[in-house]
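Since the structure comes first, as structure tokens, the remarks are kept for the end.
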Amino acid sequence: MADDSSSPKATGKELRDDSCSNGDALVLKPKKMKAKEKSLQSGKAKTHKKSLKSSEYENRLLFAINIMKTSKKESMDFEDSGDRRVQLDVKEELKEDPDFVVQGKGKKRKRKTDHRDGPSSTSEAPLPKKKKKVVKEEGQMNLGTEKKKKNEVKVKVKKEEGDRPVSVKKKKSKEEIEAARALKLKKKEEEEKQRWRWWEEEKYEHGIKWKFLEHKGPYFPPEYQPLPDDVKFYYNGKAVKLNPPAEEGALYFAQMLDHEYTTKEVFRNNFFRDWRKDMTLEEKQLIKDLNKCDFGELLVMHKQRVEARKNMSKEEKQVIKEANQKIVEEYGFCVLDQHRERIGNFKIEPPALFRGRGDHPKQGMLKKRIQPEDVIINCSKDSYIPEPPAGHRWKEVRHDNTVTWLASWTENVQGSCKYVMLNANSKLKGEKDWEKYEVARRLKLCVDAIRAQYLEDLKSKQMGTRQRAVAFYFIDKLALRAGNEKEEGETADTVGCCSLRVEHITLHDTLDGEKCVVEFDFLGKDCIRYYNKVPVIKRVFKNLKLFMEKKQGGDDLFDRLNTQLLNKHLSSLMAGLTAKVFRTYNASITLQQQLQKLTNKTDNVAEKLLSYNRANRAVAILCNHQRAPPKTFDQSMANLQAKIDSRKEQLALAKKELKQAKKDSKGSSDNKLLASVYHSRRLQRAIYFFSQHLYISDVSLIAVCVFSLVDKKKKAVQRCEEQLLRMEVQATDKEENKQIALSTSKLNYLDPRISVAWCKNIEVPLDKIYNKTLRDKFAWAIDMTENDFVF
DNA sequence: CTCGTAACTTAGGACCCCTAAC
DNA sequence: GTTAGGGGTCCTAAGTTACGAG
């Protein structure tokens, strides 16, 4: 957790300093220990040989306590290996654990052995670098406070970088890690320096998207490689050598044989029809039935290739990775108004079998290979014009700065246009995104009036107006999509609000104790089912009954309404208002409200994050963002549950032990205590050791021992509880998230400024909720949002 | 005004790769 | 060292909306 991550870092630093000087070596005061320190100080533990300052004494005592804790679990062989070893261990222990809590042993042991061969080098080598780094960071911080807002992003990035090594530092050679870290840091710095702070610049006049645009053109997928001779396609049991285009089609089909698609009649028929188009006359005459085709060897080859790729050595993978990097470097960027911007999809879509979603009538059709002759290039007149691949030419080169795409082509299956556009972190996308949320915020200001208006319209004498009002009610209340009409037979049968049909809703005068319930059941975008039972106001209910009169299930519910009419009306109510703005508005306002409701400042980070996820989830549910439950869901849930159960047992045990320890310490007299402590040979040795080396008396040490036992048990219980809580939170989160996709709303509907402000206010590091990609995409919001932002 | 389509956003699944746990 | 799981990225389909032609 990054919120604690600053403390281990600080502690680490102090400890390293300690190891050089010795007087103030033990100035370590975790907050939790304060009370205990006091009680110890005032208690028996006042006997010391040398005149130590009291604070130093305290610290040594604390140090001793920690050793005591360690002493029972870790076998410290004082007699054999002498002081050096012990001190080493202690150092290690403290280094790991700022709160002096003894943690699980397994890993520590390992680490100890790792360090043992070169204690001097391990304790000294990293020191200078570490120090340097800290200094650097402080410098950054100062800069940050001076320049305040402008450098906030920078500072954050630095911090995050600094945190990482603390948790990773164990293995590998120090130099390697240092080098890697330095490299990353440099890269990040570079990146930040190069970030285009477009949101601080003046906007272009309406409609102008850029003034200069230069790029290398799209990247074309590799040509088809014919099958090796030993991989054969069979028809009716006989090997047939297909001509390359037909062979290519056969391979695409073969590659999908393990997928459900290839069992669907529509898919098979579409494929077969398109495939035959690529056959020679001869082949066509021979191959007339897909069922007689045997793609087995092709599939085997494909699987082998996949397997081989997976089993490649690290070096081989690295080579491929570098090659890809090179391609990205060359084709993945453009220059837009003097800034280098990442392109989102610079690769031309390779040929494939069309995978429409749901019952798509065109599934299985062959999506053809795109040639440069199909591609339109868009760039500045005065820019370097991209070269088409050798022997080819572009369909067209145009210079249209009112659009944002760099290249486009028409896809053959649906006849739609495909575009090469910029990445989400670009100015063009970011500005649009920002604008989208600003429109939604404007809606907030007039939403009451608009709602009043449509409630009024429910009573209109005009049928069209009433339908519009009811549709509007759904869009507002349920965040339905607008629902354009679609051409029948071209796409799967899905609907949105305006295209709802009578068969998609059922009216219940009463249902489950509620009145006027509308039951929705239809397939929405991507054939995701929308199922919901919603109580509605009476006027809406009555209207629905009216709209459904004398209609068949297949008839339009809103026969006098379409999206154009609806949007036209909306834009008359507020500039820029369309149906989808309501989705954005309702999503963002819901997040804000839920966050307000669910989060407590006193919660720990895990709980805060659960709250955030729950707020996020409320939005995802509202917007019906679903996902297929992960295939391994049940299994991993069971695993987690098993872990929780075992942790519970551990907790019970720990509690029992604590109780016993308390009983021992309270119920027994000093003599008994003494006896019990002296009973342990190991503790005896420890006491001897400390009385020699730390100038603490036996008596105080005994007190320390007893105290530390109870304390240790307490800590164990506490830690167990924390872990259990964390796991339970995780399990809840997971269960609730089984079929809900949070990412879509996070990416497209939630004003990032809400999240940024929340993080700032409630002290959750932003990277807990936004990964790197999202932080890049929302750089504008991260930079400009103050704590008091309200959507 | 209707219709078609260009342009752009929104969407879920596939797949890859890193990390934590064993 | 291996592997499972999950986050992150890639991919491209499927929406919405604006706009221009007829």
Side-chain angles (χ1 to χ4, degrees), chain A residues 104 106-107 167-168 207 209 221 256 259 261 306 309-310 314 317 320-321 324 328 344-350 352 354-358 360 362-363 367 376 378 400 402-405 408 410-411 413-419 421-424 428-429 432-433 435-436 481-487 490-492 494-499 523-528 562-568 570-571 576-581 583-584 587 620 623-628 630-633 635-637 639-640 643 730 734 737 739-749 770-774:
Chain A
K107 281 181 184 171
S167 53
V168 187
K209 303 289 167 48
M256 286 183 74
H259 202 288
Y261 271 120
V306 170
R309 209 180 316 142
K310 223 165 56 189
K314 260 204 174 130
K317 280 184 181 168
I320 290 178
K321 205 174 165 185
N324 284 331
V328 172
N345 57 328
F346 59 91
K347 286 178 177 166
I348 297 275
E349 291 173 19
F354 179 73
R355 299 159 93 125
R357 317 237 168 98
H360 202 293
K362 297 196 169 185
Q363 60 182 297
K367 198 170 75 169
I376 302 171
N378 191 33
D400 182 354
T402 66
V403 296
T404 65
W405 52 269
S408 75
T410 304
E411 163 263 3
V413 175
Q414 318 230 61
S416 60
C417 249
K418 299 271 187 172
Y419 300 92
M421 287 184 193
L422 295 185
N423 187 274
L428 285 176
K429 295 285 183 186
K432 203 81 190 288
D433 214 31
E435 197 183 305
K436 171 181 80 184
R481 295 188 186 84
N484 288 299
E485 291 109 301
K486 304 163 74 182
E487 225 170 311
E490 293 293 302
T491 59
T494 62
V495 297
C497 185
C498 293
S499 49
L523 294 181
K525 182 177 178 181
D526 292 314
C527 286
I528 297 295
N562 59 40
T563 51
Q564 292 96 302
L565 283 172
L566 183 79
N567 278 335
K568 216 173 138 194
L570 289 179
S571 66
L577 188 61
T578 63
K580 90 185 182 86
V581 177
R583 252 167 102 79
T584 313
C623 294
N624 201 39
H625 291 143
Q626 296 192 25
R627 61 167 187 170
K631 284 180 191 115
T632 52
F633 184 86
Q635 186 54 52
S636 71
M637 201 66 207
N639 290 348
L640 188 57
K643 267 191 193 168
Q730 197 189 345
K734 197 173 180 144
N737 239 15
Q739 302 193 63
I740 313 283
L742 299 185
S743 55
T744 307
S745 47
K746 211 184 227 183
L747 204 61
N748 299 305
Y749 287 105
Y770 283 161
N771 62 33
K772 171 95 173 73
T773 311
L774 286 175

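The structure presented is a predicted model; accordingly, all values stated were derived computationally and were not measured. Residue numbers begin at 1 in each chain, while the letters A, B, ... track the order of the sequences.
- In this structure, A:K418 places its NZ atom 13 Å from P of C:dG15, rounding to the nearest Å.
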Task: Steps toward side chain to side chain contact (heavy atoms under 4.5 Å, CB included) verdict (A:T404, A:Y419) - done: CA-CA 9 Å; A:T404 65; A:Y419 300 92; over 6 Å; no
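- One atom, NE2 of A:H360, and another, C1' of C:dG15, lie 12 Å apart when rounded to the nearest Å.
- Rounded to a whole Å, the CG atom of A:L742 is 16 Å from the C1' atom of B:dT10.
- A:K362 places its NZ atom 18 Å from the P atom of C:dT12, with the value rounded to the nearest Å.
- As a whole-Å value, the separation of A:N771 CG from C:dG7 C1' is 8 Å.
- Heavy-atom nearest nucleotides on DNA chain C were determined for A:N484 and for A:R627, and the one closer to the 5' end corresponds to A:R627.
- Summarising the geometry, the separation between NZ on A:K310 and C1' on B:dC17 is reported as 13 Å, rounded to the nearest angstrom.
- Comparing A:G576 and A:A352 by the nucleotide of DNA chain C that holds the closest heavy atom to each, the one mapping nearer the 5' end is A:A352.
- Projected onto DNA chain B by closest heavy-atom contact, A:E487 and A:L428 fall at different nucleotides, the more 5' of which corresponds to A:E487.
- Here the P atom of nucleotide B:dT5 and the CD atom of A:Q414 are 13 Å apart, to the nearest Å.
- Protein atom CD of A:E349 is 17 Å distant from nucleotide atom P of B:dA14, rounded to whole Å.
- The side chain of A:K525 contributes no N or O atom lying less than 4.0 Å from OP1 or OP2 of C:dA13.
- Position along DNA chain B of the nearest nucleotide to A:C623 versus A:K568 favours A:K568 as the more 5'-ward residue.
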